[in-house]
Number of protein chains: 2
Amino acid sequence: MPIKKGEKYIQILDAAVKEFAENGYHRTQVARIAKEAGVADGTIYLYFESKEDILVSLFTEKMGDFVDKLKQKLANVNGFREELRTLITHHLEVLGANPAQAMVTQIELRQIDPWINQGISGPLKSYFKVIEEVIRSGQDEGLVCKSLDVRLARKMLFGALDEVVTCWVMTDKKYELVSLADPIFEILESAFCKNK
Amino acid sequence: MPIKKGEKYIQILDAAVKEFAENGYHRTQVARIAKEAGVADGTIYLYFESKEDILVSLFTEKMGDFVDKLKQKLANVNGFREELRTLITHHLEVLGANPAQAMVTQIELRQIDPWINQGISGPLKSYFKVIEEVIRSGQDEGLVCKSLDVRLARKMLFGALDEVVTCWVMTDKKYELVSLADPIFEILESAFCKNK
DNA sequence: CAGTTATGAATGACCATTCACTCTTATATC
DNA sequence: GATATAAGAGTGAATGGTCATTCATAACTG
């Protein structure tokens, strides 16, 4: 029964993001995380069940935040177009501002492991739900074709954003990720909206 | 200097796809691959440098094929719309027909490892080039806005397809992947084409 | 019988996890 | 207020299991 909170908990999590981003999940030893966090190896196991648990906690922690903040922003905005723009911008802003975190969520988390996926699917699904709601609201407004398969559209939208972020992470991050928000918005808008 | 060809080479590769798809790269032992392939553990090292080398070879081998076949199909087709449709269909058809391979390329390959990425980037880049050429041909035809950022469009197109395949792989593969070709085509076409 | 190909038991490196111990802080007793 | 007792948090060296890889040996082949 690890204590999933407190100062050390955060320290370890932060150290883990850094190490995972730098060396990849499988290549970073727990001992390295401990060193980076300034705690003893054993201390980690007071806060986490296992190495995998660190990875999962990392994701759920960050993803929970991500979705919460997005929902707040969406509440202050009206109409499908602005919602879509907000969604895209948020995605790029947050990941653009946290390259290490982006690295972890984009790459390290992708390894299939029934256990890891279980831990991840919750928060990720809630993000998917938000995306689908935005698209559906576009349909209600009459801007998006009613016959559009919302699920499929969500997958494509998410996939598109995801790949853009992945490319950015994998290269040297020379450009500002957010600067792509506008062109992406243009493309996705015309993808979903009926031709006027 | 492993011999990168021959019957056993293929056998090992096939066994590896199966095992990686089933258990994931890190969870499959070389010994399992050997057993599945019907060869001795040591034999693997006559054909491959290392376990990683198996993964990379797998990808380059399959991806080379993938791009070659796609190019052939594209040569027999005229006009941006049909090219785009061909591209999408090919992507879904090939991965839909080889779930295990899809699993490996979609998931297992994503783990960052400078070495692995190096091995992968070649064949993947050649696929990207094909995609970009198709989009550019659409611009030449006047169907796609000249101001569209081809690179960005490629990333989004690839990401969209990729995510659709990933979702399919992760679930129980209940539906035919190719059946999504039409709706995806509709969406991507209107994403890129000027409103008529 | 030389050369090539294949074998699989043995090796050794690696690293997540544990646990016997220390250090700190809080509470109780006189 | 001084001392004793207990609990919790933290430590890091030692453990043990897991494989990738090697290599001495065998089995083909021409």
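By convention in this document, chain letters (A, B, ...) are assigned in the order of the sequence lines, proteins followed by strands, and residues within each chain are numbered from 1.
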Spacing between [X] atom [atom1] and [N] atom [atom2], to the nearest angstrom:
| X | N | atom1 | atom2 | value |
| --- | --- | --- | --- | --- |
| B:Y45 | D:dC19 | OH | P | 13 Å |
| B:K51 | D:dT21 | NZ | C1' | 12 Å |
| B:K35 | D:dA20 | NZ | C1' | 18 Å |
| B:R32 | D:dA20 | CZ | P | 11 Å |
| B:D41 | D:dA20 | CG | P | 9 Å |
| B:H26 | D:dA20 | NE2 | P | 10 Å |

Using a heavy-atom cut-off of 4.0 Å to chain A, what are the terminal contacting nucleotides of DNA chain C, in 5' to 3' order?
-> C:dC15 to C:dT18
Results of side-chain contact (heavy atoms from CB on, under 4.5 Å) for A:A40 - residues two or more places apart only |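 Listed in chain order: A:T43.
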Does B:A21 have any side-chain contact (heavy atoms from CB on, under 4.5 Å) partners at least two apart in sequence or in another chain, and if so, which?
-> B:A100, B:M103, B:V104
What residues, two or more places apart in sequence or in another chain, satisfy side-chain hydrogen bond (donor to acceptor under 3.5 Å, both in side chains) together with A:D14?
->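 Listed in chain order: nothing, the list is empty.
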Summary of side-chain hydrogen bond (donor to acceptor under 3.5 Å, both in side chains) pairs that have at least one residue in residues 123-132 of chain A, sequence neighbours excluded =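 Every pair satisfying side-chain hydrogen bond (donor to acceptor under 3.5 Å, both in side chains) with a residue in residues 123-132 of chain A: A:H91-A:Y127, A:E132-A:R154.
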For the pair A:S190 (side chain) and B:S190 (backbone), establish whether a donor and an acceptor sit closer than 3.5 Å, ignoring hydrogens and angles.
-> yes
Listed partners of B:Y9 passing ring-ring contact (aromatic ring centres under 6.0 Å, His included), at least two apart |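 For B:Y9 the ring-ring contact (aromatic ring centres under 6.0 Å, His included) partners, ignoring immediate neighbours, are B:F48.
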Which atom pairs, donor and acceptor, lie under 3.5 Å between side-chain atoms of residues 178-189 of chain B and protein residues at least two apart or in another chain?
| unit_1 | atom_1 | unit_2 | atom_2 | d |
| --- | --- | --- | --- | --- |
| B:S179 | OG | B:E176 | O | 2.6 |
| B:D182 | OD1 | B:R85 | NH1 | 2.9 |
| B:E189 | OE2 | B:R81 | NE | 2.0 |
| B:E189 | OE2 | B:R81 | NH2 | 2.9 |

Residue pairs passing the salt bridge (Lys or Arg N to Asp or Glu O under 4.0 Å) test where at least one lies in residues 33-47 of chain A, sequence neighbours excluded =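 Applying salt bridge (Lys or Arg N to Asp or Glu O under 4.0 Å) to every pair that reaches into residues 33-47 of chain A, excluding sequence neighbours, yields A:K18-A:E36.
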Please enumerate all protein N or O atoms sitting under 3.5 Å from an N or O of nucleotides 6-10 of chain D, with distances to 0.1 Å.
| unit_1 | atom_1 | unit_2 | atom_2 | d |
| --- | --- | --- | --- | --- |
| D:dG10 | OP1 | A:K8 | NZ | 2.7 |
| D:dG10 | OP2 | A:Y47 | OH | 2.7 |

